[in-house]
Each structure stands twice: as C-alpha cells, then as structure tokens.
Amino acid sequence: MDAVNNPTVSASPAPPVPSSEGAFAAPSVSTFEALADIVAHAPALIWSAGPHGGNDWLSPAWSNFTGLSVAGLLGEGWKTAVHPEDVERCAGIRATSFEAGRAYSLDFRLRRHDGQFRWMADSASPRRDPAGQVIGYVGSCVDVHERHELEETLAARTRELRLAERRQDTFLAKLSHELRNPLAPIANTASVLRTLEHSNPILVRLREILERQVERLTRLVEELIDVTRAAHGQISIVRQAVSVESIVQTAVANSHETVTTGGHRLSVDLPSERLYVRGDIVRLAQALGGLIGNAAKFTRRAGVITIAVRRVAKTVQFVVRDEGEGIDPEFLPHAFDLFSQQDQSRGRMLGGLGVGLTLARRIAQLHGGDVEGFSEGQGKGSEFVLWLPLEAEKEDGDGLEAAPPLDSFRVLIIEDNADARESLRLQMEMWGNEVTTAASAAEALDKATAARPQIVLCDIGLPGVDGYRLVGSLRRTLEGSPVTYVAVTGYAGGEDQRRALEAGFDAFLVKPLRPESLARLLRSCAGQAA
C-alpha cells in the first residue's frame with residue numbers, strides 16, 4: 001500500500017456503529033477516538049456510501065494517496081481521481097451492485113498524488129438495518145499495482161509460451177515429413193535387397209546395416225512426434241482386449257537390440273493366470289519398451305533387467321527394475337519431464353532425446369493408467385511401474401498380423417519422389433502385383449483409365465495438384481470400379497488423417513511404409529474382394 005497514512009490529518013466524522021442490541025447509536029468519545037486511530041493507520045482507503053451511491057465518508061488515507069481533499073472526493077467526486085478508461089466500468093458495476101443490494105469486488109486505476117495511476121482492488125459490502133434493508137455500503141481500496149503488473153506479465157508469458165508451443169508443433173510436423181521422405185526409399189530399398197541377396201554375404205551385410213539405421217532413425221522421429229501428439233491427445237488408439245503376455249512379448253522383441261547391445265539379460269516374471277487390459281497393443285508395447293530401453297541405457301555394466309507383471313486389485317502392474325545408475329532424489333520428480341535427462345553428458349554419450357519416459361507415461365494415461373518411478377538414489381538402481389486398468393473379459397484378435405500377402409492386385413502408385421516411387425514399385429511387384437506408376441496428378445489421370453487399378457497408393461504432397469484434390473478426380477475417372485484409395489504421407493497428425501478421409505481416401509499410411517503395413521493393406525483388400 002503506497003498511501004501515506006498521517007494520523008495528524010483530521011478524519012471526517014466516523015459512520016455510526018451498531019450497539020449490542022443491533023440498533024445504531026452514536027459512539028462514545030473513547031470509541032470514536034479508537035476507531036479514528038484505527039482508520040488513520042489502516043493500510044487501505046476506506047469509504048462508506050449512502051444507499052443511492054454517493055460517498056458520504058472517506059478515511060484520511062484517500063487524501064494522503066490522491067493529494068486531493070476529502071471534501072472534494074465525497075459524493076461522485078471520487079471519479080475525478082479514477083483513470084478515464086475505468087470510470088464508466090466502475091460506476092456501472094457499483095450502480096448495479098447497489099441496486100441489487102449485493103457485495104462486489106473490482107480492480108481499477110486510481111491517480112496517486114505524484115500523477116501515477118495505480119491499480120487498486122475495491123471490495124464493498126452492503127450495510128443493513130435491523131429489518132434487513134440496505135442503508136448504505138462500506139468498502140476499502142487496497143493498492144495491488146505490483147500484483148496486477150505481475151499478472152499481466154504472467155499472462156503475456158503464457159501467451160508467448162502457447163505461441164511457442166504451436167510453432168514447435170508446426171516445426172515437428174514439418175520435421176517428421178522431411179525426415180520420413182528420405183527414409184521411405186531407403187526402407188523400401190532395404191526390403192528389395194532382402195529379396196535379391198540370396199547367398200551374397202555383401203548384400204546381406206549392406207541390407208542389415210540399412211535396416212538397422214532406418215529403424216533407428218524411424219524410432220527417433222516417431223518418438224519425437226508421438227510425444228508431441230500424446231501431449232495434445234492426438235495419438236490414435238485402437239482399443240481392444242489384449243493379453244499382458246502379448247504386450248510383454250512385443251515390448252521385449254522391440255527392445256532386443258538395445259538390451260543385447262549393452263550386454264544385459266532380461267528376466268521376465270509373468271503371472272500364472274492370463275490377464276487382459278483394454279488398449280492398443282502397439283502403443284502399450286511402445287510404452288513398456290520405453291521403460292526397458294531406459295533401464296538398459298542407464299545401466300553401465302552388463303546386468304539383469306527384471307520385468308514382473310502382477311495383478312493388484314483391479315489393475316495390472318508392469319514393473320521394470322534395473323541394477324543401474326539409479327536416480328538422484330532431487331531429479332526423480334523431473335524424470336518424466338520432456339527432454340529431461342539426469343546426466344546430460346551421459347545422455348549425449350548414450351544417444352536419445354530424453355522423451356522415452358515422457359512418452360511412456362502419456363501413453364499409459366491415454367489408457368487410463370500411469371507410470372511411476374522409484375529409486376533409493378544414485379548407484380542403487382531404479383524401478384518403474386506402468387499400471388493399467390484390468391480388463392474383465394477377453395476378446396479375440398489381439399496381436400499383430402505378420403503373414404505375407406497371398407493375393408495380387410492392380411496397383412497405381414502416384415509419387416513424385418523417384419526413389420520412393422521406384423522402391424515401392426519393386427516391393428509391390430515382388431509380391432506379384434501388377435504395378436503402374438505416375439509422378440504427377442496429370443500423369444496419374446492419364447494412366448488410370450488404361451490401368452484400371454484396384455488399389456491406388458497416392459502421395460499427398462504432389463506438385464501442382466496435391467493428393468487431396470487428385471483423389472476426387474480419380475474417383476470420377478474410375479467411377480463404377482471397386483478401388484481402394486490409400487493416402488501416403490509423411491504428415492502423421494490426427495488432423496492430416498481426418499482431412500485425407502474427408503477428401504475421399506479409404507485408408508491412411510505414414511511414411512516410411514513398412515512391409516507389414518503394406519501386407520495388411522493387401523490382406524484387407526483381399527478380404528473386401530471376397
């Protein structure tokens with residue numbers, strides 16, 4: 001409070017006070033002197049008003065603060081010290097509250113004696129007679145200028161952070177697209193090499209190197225994009241009853257390279273009863289795999305990583321324990337923060353982006369569960385527990401499809417990237433499909449009538465006419481023919497998928513295209529044809 005309280009300034013007559021019986025009576029001399037002294041020293045500008053709005057009493061602090069006389073501020077005179085932009089709002093709130101007979105609070109700017117406008121918090125309540133009728137108001141104004149400026153600063157900072165977050169999301173979407181584009185032809189080339197290598201050891205080694213590095217790059221890109229999508233609830237979840245055993249098996253298989261590279265050994269303890277949870281086996285295995293990978297990464301020497309599954313009440317807990325570096329108690333609350341790593345130099349040496357634990361927790365939360373971390377300190381290992389709601393009933397169909405496609409189709413591939421187009425053509429032809437390719441929308445329309453495709457794989461980011469517009473033209477050109485239209489793109493957001501389906505595509509595939517994804521597509525088309 002910046003008001004200068006000077007007890008030598010004479011206060012205007014104090015308002016009447018209620019007696020012990022409730023009736024209003026004039027205060028005694030001693031009571032008046034005590035009240036005057038309290039009011040003079042109060043860190044607030046106190047006022048009272050009649051039932052119709054005009055101020056009928058002000059404390060001395062008003063004069064000390066504004067530099068104006070108390071007499072000049074009585075009635076409607078207080079408005080002369082209020083900021084011109086706030087007068088109408090203050091008067092309106094005050095008049096409405098007086099008319100309704102209710103308390104109110106508002107902030108406004110009041111001119112100080114040095115000419116500076118300061119933010120004040122004004123709070124007022126009605127005074128009532130014994131019959132309950134409003135006979136006036138009493139209120140106080142407190143200087144909250146610093147608080148108000150801090151709130152404005154925080155609001156501006158919040159807006160900046162939200163803008164930065166939107167820019168980050170846009171950047172990550174573009175990054176994923178740009179990284180997926182070169183990964184697509186490399187991955188397809190590796191798949192083609194697999195069919196050509198036969199007994200050539202050089203081709204085998206080259207293909208294995210390509211596959212390992214593509215897998216590593218793809219995993220980094222997917223983790224970076226997934227953690228952003230998960231934060232906004234944009235991860236697509238296919239919910240079905242899946243066995244905890246299949247989740248563990250998939251997670252262990254996905255983590256095999258990370259575990260064996262460090263020389264670690266896995267110890268898996270599964271319950272005797274068959275337990276199920278409801279969710280997406282791919283995402284849940286990804287979350288559990290992230291915990292296994294984290295344990296392997298931060299265990300310096302070869303050790304044992306234990307995975308134990310247990311039923312606790314109506315939940316299933318996946319417990320991952322390691323004998324590694326452990327977690328400092330001060331860092332443990334931040335272990336799940338995005339891009340957070342306890343030892344930055346160690347994190348850089350081992351690689352990774354520091355998003356594994358964040359992504360694991362967010363995937364678990366999307367399934368109604370959570371991930372918690374425990375450690376007794378550095379050098380004493382750590383334990384992470386992923387828990388999920390228990391599914392009461394089993395449903396068929398959990399697991400991943402991996403069988404090779406058996407049927408062949410006429411396929412039209414529309415892709416402007418020559419390497420991606422050629423590698424995808426080779427892959428589809430080796431599975432016995434009849435393939436036609438096009439590098440642009442115009443070429444695709446020219447070839448569509450003659451090729452009469454049953455499946456169209458169309459890149460979204462085509463030059464000139466993009467895939468969103470092209471699919472409508474293709475549908476008109478091939479009207480009457482049973483065709484499955486598949487959007488192929490490096491953009492993997494939920495909005496991109498929604499836009500593709502609304503444009504007329506039947507399915508949505510994300511680059512780089514995995515053989516199992518293409519196989520499932522062909523198998524799905526075969527099922528529709530049957």
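Residues take their numbers from the sequence shown, with the count starting at 1.
- W47 and D56 are not linked by any side-chain donor-acceptor pair at a separation below 3.5 angstrom, with hydrogens and angles left out of the test.
- Geometric assessment of R499 against the ring of Y468 yields a positive cation-pi assignment under the 6.0 Å and 45° thresholds.
- Closest of all the heavy-atom pairs between L288 and L386 is N-CD1, 4.1 Å.
- Between S382 and the options T299, D322, N294, a side chain to side chain donor-acceptor pair (under 3.5 Å) holds for only D322.
- Between atom CG of residue D86 and atom CZ of residue R109 there is a gap of 4.0 Å, rounded to the nearest 0.5 Å.
- D466 places a side-chain N or O within 3.5 Å of a backbone atom of R469 that can act as its donor or acceptor partner.
- For the pair R111 and W119, the cation-pi criterion (under 6.0 Å, within 45° of the ring axis) is not fulfilled.
- Summarising the geometry of A287 relative to A360, their closest heavy-atom pair is O-CB, 3.6 Å, with the distance given to 0.1 Å.
- No side-chain heavy atom of L390 sits under 4.5 Å from any side-chain heavy atom of T315.
- Ring orientation note: the planes of F98 and Y137 are close to parallel, at an angle under 30° on the 30°/60° scale.
- Between the side chain of R475 and the backbone N or O of G504, at least one donor-acceptor pair lies under 3.5 Å.
- Note that CD1 of I46 is 5.5 Å distant from CH2 of W57, once rounded to the nearest 0.5 Å.
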Starting from the C-alpha separation in whole Å, work towards a yes-or-no answer on salt bridge (Lys or Arg N to Asp or Glu O under 4.0 Å) for R361 and E372.
CA-CA 8 Å; R361 166 170 274 184; E372 299 173 288; over 6 Å; no

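- Counted by atom type alone, Y276 and R274 present one or more donor-acceptor pairs between their side chains at under 3.5 Å.
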